[in-house]
Amino acid sequence: MAIDVKKHKKKFLDQKPNINLVPFIDILFTIMVFLVVTSNFSTTDVQTDTTDDIKDASGKPNVTDVSGDQEYYVVPVANLHKVTVNGQDRSDAIAGSAVGVQANVIDEGKVTIKPGEIVIQTPPGVSVDQAVQRPEL
């Protein structure tokens with residue numbers, strides 16, 4: 001019995017590849033279910049340091065509702081070495097890179113915070129000595 005090699009070769013070469021997509025879809029569905037089950041979709045509060053705060057020239061510290069109603073607030077600034085109130089040097093009020101600023105000055109005055117320096121303009125009726133105090137650490 002003779003085997004017709006040419007006929008077998010022609011039949012083999014004429015076949016078009018057949019791709020079965022069912023296993024592929026099953027695997028993709030399984031991966032998708034795994035990712036959905038293991039993912040965490042809860043929201044988190046992330047505080048970011050935006051450059052918008054730096055561009056704001058007012059420099060007023062954020063005094064939140066939970067701060068209370070204190071007469072003076074401690075304003076810390078990294079490497080604080082100079083405090084100027086209405087043009088007068090009040091660097092003697094610095095303690096531990098921080099200074100105590102009167103709440104009225106924060107609300108109604110102008111507080112400009114620069115690297116290592118705080119410049120304060122008090123509202124009318126507030127003296128230079130009342131505007132800042134040395135914080136007790």
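Counting begins at 1 with the first residue of the sequence.
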Trainee: Any non-hydrogen side-chain atom of Lys7 less than 4.5 Å from a side-chain atom of Val5?
Mentor: no
Trainee: Checking Ser127 side chain against Gln130 main chain: does a donor-acceptor pair fall under 3.5 Å?
Mentor: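 Confirmed, Ser127 side chain pairs with Gln130 backbone.
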Trainee: Which residues satisfy the salt bridge (Lys or Arg N to Asp or Glu O under 4.0 Å) test with Asp89, sequence neighbours excluded?
Mentor: none
Trainee: Please find the pair of heavy atoms, one from Arg134 and one from Ile94, that lie closest to each other, and give the distance.
Mentor: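 That closest heavy-atom pairing would be NH1-O, 2.7 Å.
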Trainee: Any heavy-atom pair between the side chains of Thr84 and Ile120 that's under 4.5 Å?
Mentor: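 In short, these two side chains do not touch, never coming nearer than 4.5 Å.
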Trainee: Can you tell me if CG on Asp4 sees more than 12 non-hydrogen neighbours from other groups inside 6.0 Å?
Mentor: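 Check passes, neighbour count above 12.
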Trainee: Over all heavy atoms of both residues, which pair between Pro123 and Gly109 is shortest? Give the atoms and the distance, please.
Mentor: CD-CA, 3.8 Å
Trainee: Side-chain contact, heavy-atom cut-off 4.5 Å: Thr122 with Val85?
Mentor: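 Counting from C-beta outward, Thr122 and Val85 do come under 4.5 Å.
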Trainee: At their closest point, which heavy atom of Ser91 faces which heavy atom of His81, and how far apart are they?
Mentor: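 Taking every non-hydrogen atom into account, OG-O, 3.6 Å.
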Trainee: Extract all donor-acceptor atom pairs below 3.5 Å that involve side chains of residues 15-37 and protein atoms in other chains or at least two apart in sequence.
Mentor:
unit_1: Asn20; atom_1: OD1; unit_2: Val22; atom_2: N; d: 3.3
unit_1: Thr30; atom_1: OG1; unit_2: Asp26; atom_2: O; d: 2.8

Trainee: Where do Val74 and Ala98 come nearest, in terms of heavy atoms and distance?
Mentor: CG1-CB, 3.7 Å
Trainee: Applying a strict under-4.5 Å side-chain criterion to I, L, V, M, F, W and Y, I'd like to know whether Val119 and Ile106 cluster together.
Mentor: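 No, no single cluster joins them.
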Trainee: Closer than 3.5 angstrom, by distance alone: can the side chain of Asn104 be matched with the main-chain N or O of Val126 as a donor-acceptor pair?
Mentor: no
Trainee: Roughly how far, to the nearest 0.5 Å, is NZ of Lys9 from CG of Asp14?
Mentor: 12.0 Å
Trainee: Using a strict cut-off of less than 4.0 Å between a Lys/Arg side-chain nitrogen and an Asp/Glu carboxylate oxygen, indicate whether Asp92 and Arg90 qualify as a salt bridge.
Mentor: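 Salt bridge flag = yes for Arg90 with Asp92.
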